[in-house]
Amino acid sequence: MKKHIKKNAENKTVQAISKKYGISLLESAIFARRKITAGNDILYYLENDTRFLHQPFCFNAMEDAVERIHQAIEENEKILIFGDKDVDGISATAILYTYLKKRGADVQWRLPVGEDAYGLSIDAVNDLAQYAGESGALIITVDCGISNYVEIQRANELGIDTIITDHHNPPETVPDAIIILNPKMDNSGYPYKDISGAALAYKLVSALRFSSFQLYNQDFCLMTVTKQDEAYIIDCLKIRNLVKKSQISVVIDEKIRSIYDTPLLNFLSGQQILVWDEKSVKSMLKELFGSSIDFQMMDMRPKIAHIIPAVNNKALSDIKNLSKIARYSEKPVKEIDGFYNLFVTFAEKSATSANPQYKNEQNDDLQLVAIAALADIMPLKDENRIFVKEGLNLINNGKIRKGLAELIARSDLQGRRISSTDLSWKIIPSLNAAGRLGKSNLSLELLISENPIERNQKADIIKDLNAQRKIYLSDAEFFTAKQAEDSFKKYNEKLCIVYDERIFKGITGLLANYLVSKYEVPAIAISFSEDKTIASGSMRTCRSLIATDFLDKFGEGFFINHGGHNAAAGFSFTAEKLDAFLEKAQTIISGETLEEKDGAIIEIDAELPSEYITPEILKTIDKFEPFGEENPEIIFFSKNLSINNAIITGKTERQHLKLILNCGKYKFPAMYWGEAERLGRDFSSTDKLDILYKIERNYYNGNCTPQMIIIDAEPAKN
């Protein structure tokens, strides 16, 4: 059997997680083995509500971006949204374009097409300048721009402002744009770095929506006064656009009876002071400082209770521990924390109530953010989990965004519960296919079109393009097979590089992915322009090699352009440098140490006795969905499962084995893909088996049943 381990999960930790979060010991043990024990991490597995997303104004430059876009709309400037042609890029473009169009902005969009390189182009800048004339212009890049130093310098020369929204790794020297929103910038202010370009566009649009609400750009100071033993504690928290800005906590005891001996007056000067239960707060302040100090304050309890009736007439001391956010706090929750959480929830609900259409628009956007997170292989941690879970919930509840609905109708997903895996294997490749085959505009037009006839026509074309994409990839895999094998050996089984004039440019990333999965080493696929003067490539990595760092080691001036993420990057160079590229790649990779191969040792999440293997196990698995980058599927191990029935299926050369296993009172179906030959060779139908496996839902004839997917099996040892 494949080498496997079950990491230790301390009973004390498992019990604590189970008790604190009200989940089963099995689920707690899985969290512990995966080292997911902090409340801020567990939150994103157990909660779905968008309330748990980070506030968009955490970006230090977000307010400036909102104000510059307002100015462009008010002054009727020409706005160009420039995106990328992959799923993340078109999703980001669709989100921002749809919002600005509804706001009445003079906005257009543009994507790289055909042989156009990734990122903002000089032609796009020049065309906008000519179109705008004297009316003023603004460029907003989405999912690109952070590497476009020269192009943005050209925009500056032409008097065009640029706002960069990008999530790619920034180069050493970033462009001189007026505003940059990039969570990977050291000074971004944003608490989580690994969001997609579409998520970044969603944050910008969310900030723009909030800017129409009366609380936008208002400075508030929340205040609470609590008594502890013989002392009073005054907590003050300044917030702006729902983001914490500064905070003080002052202890008033018998040694301090004058407010002038505290920093309160300076901190509160010029602030709108908000309190919970004004009468009680004023009474305590009077007791502390006398009646000579008059605090001007607003009681938020009746206002918040109007939106959240459950808190009416309750004290903050009663409310603070009821907050879901407080539930996941690693520190004792103070009344000021509960007050802040209530205020943010109140503000968000009030904004939605004032603009009911925003909720539907947000729901449409979230589905694209979910797809982009999966397409761009974002880690399924932190708020990415909320994005994907809520996007899937909306799709499965029938609130499917126009454009996506037409694609889903052309797949085999209708009438079933759609998972993150379904999106990754069925929908995302179709959306990507148009861009890969030089027709990136098609997918974007599908997502933003209001005409159902047009959407259906484009969905049909995209389906055909995806079929063509599969042929291009299959052909490329075939005619580079020998070269790939030789390359793998040449680079001492640490790297694989293929290049060929026949490789269709749009599938280099897919081909590199294929090589990574086949050889379990970083891989590069290179194609050439029609005139054979430019080489363009894609790199995909594994085993902790960072793609952008690898490419940076080629030195300044080697590439025409390059950039990307830790695990995926793109580049281009003049074709005459190919030999130099191959030689330099060999030098660089020889100095790299790769981690052990993925899957060399399988980590078991739980060992299940047969009586635990019931359909109820799906509820446990669902808590860890969606699965993907940095959140692999749950893997179980079970011993001594007897075979009730064994059937060989499949018409291809490598047939499959379908088993029915006795699991206590349940008989569980199990598929062992491509391993039919093991029946009779390694075990018989009368054996008991020890198995490594996953469990998933199987849909057949409209019915949904749980099914094991066997990773490895062997005759039971006892």
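Counting from 1, the numbers follow the sequence of the chain as shown. For the numbers below, each heavy atom of this structure counts, side chains included, while hydrogens, waters and symmetry mates do not.
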Do other residues, nucleotides or ligands put more than 12 heavy atoms under 6.0 Å from the [atom1] atom of [X]?
| X | atom1 | result |
| --- | --- | --- |
| Asn187 | CG | yes |
| Glu330 | CD | yes |
| Gln130 | CD | no |
| Lys184 | NZ | yes |
| Lys426 | NZ | no |
| Lys303 | NZ | no |

_Listing request: all ring-ring contact (aromatic ring centres under 6.0 Å, His included) pairs with a residue in residues 127-154, at least two apart in sequence or in separate chains._
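Sorted pair list comes back empty.
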Is it true that [X] and [Y] make a salt bridge, defined as a side-chain N closer than 4.0 Å to a carboxylate O?
| X | Y | answer |
| --- | --- | --- |
| Glu157 | Arg154 | yes |
| Asp86 | Arg436 | no |
| Asp127 | Arg110 | yes |

Tell me, please, which residues at least two apart from [X] pass salt bridge (charged side-chain N to carboxylate O under 4.0 Å, His left out).
| X | value |
| --- | --- |
| Lys402 | Glu450 |
| Glu390 | none |
| Asp552 | none |
| Asp382 | none |

Qualifying residues under side-chain contact (heavy atoms from CB on, under 4.5 Å), relative to [X], sequence neighbours excluded:
| X | value |
| --- | --- |
| Ala375 | Val87, Ile428 |
| Ala373 | Met378, Val388 |
| Val150 | Ile122 |
| Ala568 | Arg540 |

_Summary of salt bridge (charged side-chain N to carboxylate O under 4.0 Å, His left out) pairs that have at least one residue in residues 93-102, sequence neighbours excluded_ =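 Checked against salt bridge (charged side-chain N to carboxylate O under 4.0 Å, His left out) - neighbours excluded - the pairs reaching residues 93-102 are Lys102-Glu361.
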_Pairs meeting criterion salt bridge (charged side-chain N to carboxylate O under 4.0 Å, His left out) with involvement of residues 160-180, two or more places apart_ =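 Qualifying pairs, neighbours excluded: Arg68-Asp161.
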_Walk me through whether Arg401 and Asp365 qualify under salt bridge (charged side-chain N to carboxylate O under 4.0 Å, His left out)._
CA-CA 8 Å; Arg401 180 188 174 109; Asp365 294 345; 3.7 Å; yes
_I want to know whether Phe558 and Phe573 have ring centres closer than 6.0 Å._
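Aromatic pair counts; centres sit under 6.0 Å.
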_Quick check: Phe571 with Phe554 (ring centres under 6.0 Å apart)?_
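Distance test on ring centres: not under 6.0 Å, no.
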*Do the side chain of Asn396 and the main chain of Ile418 share a donor and acceptor less than 3.5 angstrom apart?*
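Between the backbone of Ile418 and the side chain of Asn396 there is a qualifying donor-acceptor contact (under 3.5 Å).
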Show the atom names and distances, to 0.1 Å, of all donor-acceptor pairs under 3.5 Å that link a side chain in residues 544-551 to residues at least two apart or in another chain.
unit_1 : atom_1 : unit_2 : atom_2 : d
Ser544 : OG     : Glu595 : OE1    : 2.9
Ser544 : OG     : Glu595 : OE2    : 2.9
Thr548 : OG1    : Asn169 : ND2    : 2.9

